[in-house]
> 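Dropping a structure here in structure tokens format, bear with me for questions.
Residues: numbered from 1 along the sequence shown. Values in this document were obtained by computation on a predicted structure and should not be read as measured data.
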Amino acid sequence: MDLFKIFASATVLYSLYITSRLYRNYLRAKTTGFKLRIFPFEIGTPLFTVVASPFYSLITRFFPQSFARTYDLGVYGVEWRDRVAKRERETPGYIVVTPANALELFVEDGEMANAILARRREFEQDEVSRTIMNRFGEALAGSVGEGWSRQRRLIAPMLNERIMETVWSESQQQTHDMMSCFTNVEDGTTSGTVTGLRRIAFNILSTIGYGMPTEWSADVKQAGKGERMDFMEALLHLVDGLILLVVFPPWLLRQFWMPKSLRQIGEAYYQFYEHSSEMLQKERESLKSSGTIRNTFLSSLASVNDNELDPYEKEGRLNKPAFTEDQITGNLYTFTLAGYDTTANTMAYAVAMLAAYPQWQDWIIEEIDQIHKEVSDPNSYQQVLPKLERCLSLMFETLRMFTPVAHIVRECPVEKVLTSRGKTYRIPANTRCTLSLDGVGAHRDVWGDDVFEFRPSRWSVKAAKLTGSTSIAQVPKLEAAGAKESFLPWSSGPRACPGMKMAQTEFLSVIYTIFSEYRTEPALEAGESLEHGLSRVAAIVADSQPRLTLQMNRPNDLKLKWVRR
């Protein structure tokens, strides 16, 4: 009985404690101007992300809708589930009141999201994101304050036009090799389109990042028992297990009693570090012997580190290298991580949607054929890239519909006041701001009643007809007023992704190269009509799930037939 009384007393005291904290946070939030939701548990942490998912179906099935919806917000991938459900987005957002120290603000409005992203010093990157980005050393993507300013100034010039020309030509070569493989069968049918495009994306990063050109191959090497993983295999395990590496230390994951999948993630962590360190050492030796900086990210980092002193060091103070070795490794890691999955999956979704909706395939092929008539060199980066308006519109619409990274998180340490759509809102001190990149691209009042339909022409002012004199600006103008502010796949403001041009160049090169020579269509099953085949491909695309990035659950079921035009 005494134990029961102790347990009951502890339960009552804990309930009172939680209630008091909820009430305190409610008082903080009620005057903000945002809609409020109340939830008795802290959400948004890596631990909640891991623990909450297994109970998602149970909660949504048996608990009241209001509770289930708030729980849903803490389960990773809510943005995609909202899009699949065609849920109307709230403007500008809402606050979830929990017992945690921080309030949780969810922003689904482009104007407010851009205002937050524009104020880099007032809304800093959150701790969890910094932990992920800095897993191998302080990187640009995980830096804040003056450390970020210094790294940005040194790194931004490295992604120059020479790099872009290499990305363009290497993407063309990789694509030719992939298509030769796909069409080197009797009917050109393959279930490897998604993995083939991922291989292209990785090989581009291998070339541009590390100076390691790799021939395209449909086979990915798997390390046997006791063998060392190669660089790509280690990277793939890191991408799949990144959240687990935030929650659990790598040494724990690699223990012999752990499941094989977790051991592989733990081993990949250490082996990726070893690979990067070895490549950096070789690059330094090459720089010393040749005195020539190769046209790679690794060579640029090593050269800056070995030949320049930190420009932020004040006169009279001891100078130090621009980057530590850990910072170089960290930047190599984030360069690979950020540029691999995002671009690979965008290309995969774009190709799949072109197969499911052949009218848009006709649309981009018309542009490509017109370009071939206009330019003297159809392989030229300088001549072709600026003319690919429709292909860039395809990329933008794919990113709007299948946003790779669902949200960005910023921390608000002190109270701020922001305006959105003519209304003023107060963001209390110690608030986590989750900016839904998917949500801002799904407002009917911005994008129209067809917001959930795939329509690349919404990005192009010259969609109706091509003429010989037509050429595009670097970014197509938008059909809908306010749409530009509601499109944030590369973020915006000072911390916008420096790899945006590289991603666009790679995507355009691959799409242009493929559809200059080929068409794709669903590989029909026995007795299946074309209409059913198109619907089946669309259903495979819709069956997706956010992991590190949004990915199809059944990529091998995407069987496409490639035919020469």
> For Tyr273 and Asp326, which I'm curious about, is there any donor-acceptor pair between the side chains at under 3.5 Å?
yes
> Identify the residue among Glu104, Glu42, Glu127, Glu124 that makes a salt bridge (Lys or Arg N to Asp or Glu O under 4.0 Å) with Arg432.
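Of Glu104, Glu42, Glu127, Glu124, salt bridge (Lys or Arg N to Asp or Glu O under 4.0 Å) with Arg432 is met by Glu104 alone.
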> For Tyr17, look at atom OH and say whether over 12 heavy atoms of other residues, nucleotides or ligands are found less than 6.0 Å away.
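No, because the 6.0 Å sphere around OH of Tyr17 holds 12 heavy atoms or fewer from other groups.
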> Can you name the ring pair (Phe, Tyr, Trp, His ring centres under 6.0 Å) partners of Tyr23, sequence neighbours left out?
none
> I need the Met552 CE to Ile540 CD1 distance, nearest 0.5 Å.
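That separation rounds to 8.5 Å.
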> Grab the two heavy atoms, one from Ser143 and one from Gln151, that are nearest each other, plus how far apart they are.
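Closest pair (atom of Ser143, atom of Gln151, distance): OG-NE2, 3.4 Å.
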> Mark yes or no: Arg400 above the aromatic ring of Trp447, with NZ or CZ under 6.0 Å from the six-membered ring centre and no more than 45 degrees from the axis.
yes
> Looking only at non-hydrogen atoms, find the nearest pair between Val97 and Ala29 and report the distance.
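Taking Val97 first and Ala29 second, the nearest heavy atoms are CG2-CB, 3.9 Å.
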> Is the NZ or CZ atom of Arg254 both under 6.0 Å from the centre of the six-membered ring of Tyr269 and within 45° of that ring's axis?
no
> Can a side-chain donor-acceptor contact be found between Asn345 and Arg198 if the only test is distance below 3.5 angstrom?
yes
> How far apart are the closest heavy atoms of Arg421 and Asp109, and which atoms are they?
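Shortest heavy-atom separation between Arg421 and Asp109 comes out as NE-OD1, 2.7 Å.
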> Within this structure, what is the CE-CZ distance for the pair Met502 and Phe335, rounded to the nearest 0.5 Å?
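Rounded to the nearest 0.5 Å, the CE-CZ separation comes out at 4.0 Å.
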> With ring pair (Phe, Tyr, Trp, His ring centres under 6.0 Å) as the criterion, how do Tyr71 and Phe63 come out once you've worked through the C-alpha distance, each side chain's angles and the decisive distance to 0.1 Å?
CA-CA 10 Å; Tyr71 184 92; Phe63 281 74; 8.1 Å; no
> Could you walk me through whether Ser129 and Asp126 pass the side-chain hydrogen bond (donor to acceptor under 3.5 Å, both in side chains) check?
CA-CA 6 Å; Ser129 298; Asp126 69 300; 2.5 Å; yes
> Which is it for Trp80 and Gln545 under the side-chain hydrogen bond (donor to acceptor under 3.5 Å, both in side chains) test, yes or no, and what are the steps along the way?
CA-CA 7 Å; Trp80 174 251; Gln545 180 179 343; over 6 Å; no
> Can you give me the closest heavy-atom contact between Tyr425 and Gly33, atom names plus distance?
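Scanning both residues completely, I find the closest heavy atoms to be CE2-O, 3.3 Å.
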> Has Phe41 got more than 12 heavy atoms of other residues, nucleotides or ligands less than 6.0 Å from its CZ?
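12 or below, so no.
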> Ignoring hydrogens, what is the shortest heavy-atom contact between Arg547 and Tyr76? Give both atom names and the distance.
O-CE2, 2.7 Å
> Does Arg458 count as lying over the ring of Phe396, i.e. NZ or CZ under 6.0 Å from the six-ring centre, within 45 degrees of the axis?
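Judged by the rule, Arg458 and Phe396 form no cation-pi pair.
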